[in-house]
Amino acid sequence: MLTNDTLLYAYRLMYSASVMAETYEANRTITRYVHSTSRGHEAIQLATAFQLKPQDWVSPYYRDESMLLGMGWMPYQLMLQLLTRADDPFSGGRSYYSHPNSRDADKPKIIHQSSATGMQAIPSTGIAQGLKYQSMIHGPWTVDQCSEPAVVVCSLGDASVTEGEVSEAIQFAVLHQLPIIYLVQDNEWGISVSAKEGRAMNAFDYAAGFKGLQRVQVDGTDFRASFDTMAGVVEQVRNNPQPWLVHARVCLLNHHTSGVRKEFYRTPEDLDLHASFDPLPKLRADILRSYPHAVVEALETEIRETIATDFARAVAAAEPDPRSVAHHVFVPTPINEENGVRQPAGAAKVLMVDAALFAIRELMEAHPECLLYGQDVGLRLGGVFREAATLADRFGSQRVFNTAIQEAYIIGSTVGLSAVGLKPIVEVQFADYIYPGFNQLVTEISKSCYLTCGKFPVSAVIRVPIGAYGGGGPYHSGSVETTLLSIKGIKVAYPSNAADMKGLMKAAWHDPNPVVMLEHKGLYWSKVPGTEAAKTPEPDRDYILPFGKAAVVLDASDPALEEGNTLCIITYGMGVYWAKAAAVYFPGQVAIIDLRTLFPLDEELVFATVRRHGKCLVLTEEQAQNSFAEALACRISKACFSYLDAPVEVLGALNLPAVPLNVGLENAMLPSAEKVRERVGVLLDQ
């Protein structure tokens with residue numbers, strides 16, 4: 001119920017936001033980092049914040065400072081982020097103003113917020129997905145031990161709704177009827193792009209195309225109307241979980257950001273029009289019907305004095321310690337030692353594809369928070385490589401299910417699921433199709449732990465079938481490890497046999513950080529000639545293999561080492577089998593190291609091996625030029641320079657844009673045992 005006290009409190013916060021904006025603008029040499037303010041959007045933001053409870057989740061966007069004030073954040077705390085001070089409660093000086101994250105028990109929770117417009121829609125929908133799953137398992141009120149269910153609010157600017165990933169999020173929310181509210185604040189500008197230039201319709205009209213999405217429009221500059229609308233929508237979602245879109249018409253009174261000034265692109269007429277809708281004088285006139293001028297003026301004086309004091313305190317606050325710059329890239333993993341039995345007595349050999357399946361089955365048996373989803377992994381097929389066969393039948397469609405063709409959603413939703421305590425395993429069907437998910441992997445997943453100072457690491461396993469396997473063609477045979485390894489803040493595994501697959505899959509799931517599991521399609525079934533050894537005895541249920549521990553697949557003989565006529569091959573995946581086949585022709589002269597994980601990398605074993613032999617070939621299936629393998633060769637050269645008897649060599653695929661479909665052309669492009677044999681012979685002769 002909207003009382004006079006609530007109106008006065010709303011005015012206090014709205015006036016605070018206005019004075020804060022004035023203060024920042026008057027001190028541009030101090031507030032030098034780029035920032036936006038909420039001027040013109042305050043009414044709908046405060047009206048939304050006032051409905052939220054500590055069990056709720058919200059994803060504000062970069063203009064939502066009034067929403068943060070309404071949720072209980074103090075101006076001083078926001079200023080610490082504005083000025084990138086050490087005590088910035090959100091990111092410790094690492095991120096922009098109004099890019100919050102919080103696990104505070106007395107406020108709604110906020111996952112990592114990026115600047116990539118519209119990208120928050122998928123992680124936020126992932127939160128709602130996780131809440132629904134938990135409520136189905138435990139009951140709607142037991143997720144956070146609260147008296148009523150939680151809701152999720154995802155705040156968006158109208159220009160961001162044209163992003164395809166917003167559509168993916170809404171599609172999933174509607175299909176599964178998730179408890180989420182998409183709050184769209186429409187000021188008719190997307191930086192300098194006007195509504196007429198940038199969209200065919202506004203968000204309210206767009207929402208009509210999603211059958212099952214409830215929608216409403218409101219004047220977002222009118223606090224009373226906004227409060228009533230948001231109160232009704234939030235109550236609806238609490239009592240009857242379903243997705244809503246609220247389209248709030250607002251005005252833009254300040255600059256797009258401090259760096260993109262309004263006078264650069266807006267006419268005086270447009271500025272005057274927006275000023276006529278300013279929610280601040282509207283609310284002031286409203287409260288003056290109930291409070292004397294003297295009360296309101298005294299409040300305004302108090303606020304101005306407080307903001308001035310807070311700003312001076314924030315300016316004087318300490319800068320971050322530069323020594324902390326590398327903190328919080330990852331949170332510690334509990335898996336640091338190899339445990340369990342790798343080769344139990346009498347254990348039958350299993351295929352790599354089955355080793356992964358068995359690992360996930362055991363995880364799901366022991367951990368109800370373990371989910372598996374992706375394209376075609378559900379009941380009917382169990383994965384195009386049968387890598388999830390029987391899991392849906394065993395654990396039900398709530399835990400193992402198909403998604404649409406939505407790589408961005410598959411990957412990005414893990415952020416939200418992880419935030420609410422679930423541990424998803426998701427699958428992208430082929431490595432060649434991971435690119436639509438890169439926005440989420442780069443902007444949301446990889447940066448979350450670092451920019452939240454460890455509050456929101458993303459615990460997720462992303463399975464990616466990779467590599468060529470005999471006629472797969474240009475869109476089903478690609479290698480993407482170099483592209484993945486260019487992203488900091490994720491871990492990458494690449495097992496080459498069944499035992500490693502099972503041990504690394506277990507380690508990946510228990511790791512509280514994001515892991516990409518690269519699984520070679522040609523090794524899954526050991527159908528490619530020469531890969532029979534990818535089948536191994538199945539390790540026991542407790543077997544786990546830590547990341548960053550490479551394996552010695554083959555060692556050189558002592559006599560050959562004494563003669564100084566040996567070399568080592570550093571490789572992974574299919575390269576292990578090409579190397580082993582080539583080594584047969586050089587008895588005792590070749591050592592082979594299987595990296596097993598590409599990040600973290602076992603540099604200690606790699607460098608020690610290279611120093612021992614003096615000659616090194618880095619072998620990869622990827623196109624060699626500008627690859628991870630070339631970068632590794634450079635690091636080896638630098639670390640082992642004084643031990644080398646020849647330059648570090650790299651052998652990979654030809655530098656072509658795709659793997660040809662024709663098998664003969666494919667063979668001409670890719671490495672092979674024969675090509676490795678030729679290169680080893682030349683290197684040994686040097």
Side-chain angles (χ1 to χ4, degrees), residues 55 57 111 122-146 148-152 168-180 212-213 237-243 356-384 386-429 458-463 505-506 508-510 517:
Q55 69 265 31
W57 294 78
I111 58 173
I122 286 177
S124 304
T125 306
I127 294 172
Q129 178 186 346
L131 292 175
K132 180 174 181 179
Y133 169 73
Q134 289 183 325
S135 71
M136 293 167 67
I137 301 302
H138 304 295
W141 295 280
T142 60
V143 173
D144 288 301
Q145 300 299 312
C146 297
E148 53 188 343
V151 302
V152 182
E168 288 194 23
I170 296 175
Q171 287 270 8
F172 195 95
V174 170
L175 181 64
H176 295 275
Q177 288 295 285
L178 302 182
I180 186 167
L213 176 64
V237 176
R238 283 202 202 283
N239 296 328
N240 181 26
Q242 58 184 319
L357 175 69
F358 298 157
I360 296 172
R361 183 181 67 196
E362 291 169 359
L363 287 167
M364 298 192 81
E365 286 172 346
H367 302 281
E369 70 272 26
C370 180
L371 308 179
L372 173 67
Y373 59 95
Q375 295 167 34
D376 297 305
V377 303
L379 183 62
R380 295 183 194 88
L381 186 59
V384 294
R386 305 293 288 157
E387 69 279 8
T390 73
L391 291 177
D393 185 56
R394 188 181 184 98
F395 298 105
S397 60
Q398 294 175 356
R399 296 182 66 191
V400 181
F401 56 90
N402 291 328
T403 68
I405 304 173
Q406 294 182 330
E407 288 84 2
Y409 189 86
I410 292 167
I411 291 175
S413 58
T414 64
V415 177
L417 288 162
S418 176
V420 299
L422 302 177
K423 293 176 72 74
I425 301 172
V426 299
E427 182 175 317
V428 173
Q429 201 164 82
V458 179
S459 183
V461 180
I462 302 168
R463 299 184 67 186
M505 184 69 75
K506 292 283 186 80
W509 190 84
H510 285 287
M517 289 286 296

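Any value given below was found using the heavy atoms of this structure, including those in side chains, with hydrogens, waters and symmetry copies removed.
- Atom-to-atom distance recorded for K506:NZ and L363:CG is 5.5 Å, nearest 0.5 angstrom.
- Closest approach of L371 and Q398 over heavy atoms only: CD2-O, 4.3 Å.
- Using cut-offs of 30° and 60° for the angle between ring planes, the W509 and H367 rings count as tilted.
- In this view, E365 and R361, E362, R394, F395, R541 satisfy the side-chain contact (heavy atoms from CB on, under 4.5 Å) rule, not counting sequence neighbours.
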Could you pull out every donor-acceptor pair under 3.5 Å between side chains of residues 168-176 and any protein atom, sequence neighbours left out?
from, atom 1, to, atom 2, distance (Å)
E168, OE1, Y409, N, 2.9

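- Distance check: E369 CD to L417 CG gives 12.0 Å after rounding to the nearest 0.5 Å.
- Under the 4.5 Å side-chain criterion, counting only non-hydrogen atoms from C-beta, T125 is not in contact with S413.
- I360 CD1 to R463 CZ: the interatomic distance, rounded to the nearest 0.5 Å, is 4.0 Å.
- Evaluation of the side chain to side chain donor-acceptor pair (under 3.5 Å) rule for K423 yields S459 as partners, not counting sequence neighbours.
- Counting all heavy atoms, side chain and backbone alike, V152 lies closest to S124 at CG1-O, 3.6 Å.
- Summarising the geometry of M364 relative to V400, their closest heavy-atom pair is CE-CG2, 3.6 Å, with the distance given to 0.1 Å.
- How far CD of Q375 is from OG1 of T403: 5.0 Å, rounded to the nearest 0.5 Å.
- At least one donor-acceptor pair under 3.5 Å links the side chain of R238 to the backbone N or O of P149.
- With sequence neighbours left out, the salt bridge (charged side-chain N to carboxylate O under 4.0 Å, His left out) criterion links R399 to no other residue.
- Note that CD1 of I111 and CD1 of I127 are 4.0 Å apart. Values are rounded to the nearest 0.5 Å.
- The minimum heavy-atom distance linking G212 with Q177 is given by the pair O-NE2, 3.3 Å.
- Separating the CG atom in L178 from the CD atom in Q242 is a distance of 11.0 Å, to the nearest 0.5 Å.
- Side-chain contact between Q55 and E148 is present, with at least one heavy-atom pair separated by less than 4.5 Å.
- Partners of I411 by side-chain contact (heavy atoms from CB on, under 4.5 Å), not counting sequence neighbours, listed by chain and number: V428, I434, Q440, L441, I445, I462.
- Here the shortest heavy-atom pairing between P179 and A128 reads CD-O, 3.8 Å.
- Taking all atoms of both residues into account, the shortest heavy-atom contact from V377 to G374 is CG2-N, 3.5 Å.
- Checked against side chain to side chain donor-acceptor pair (under 3.5 Å), T414 has no partners two or more places apart in sequence or in another chain.
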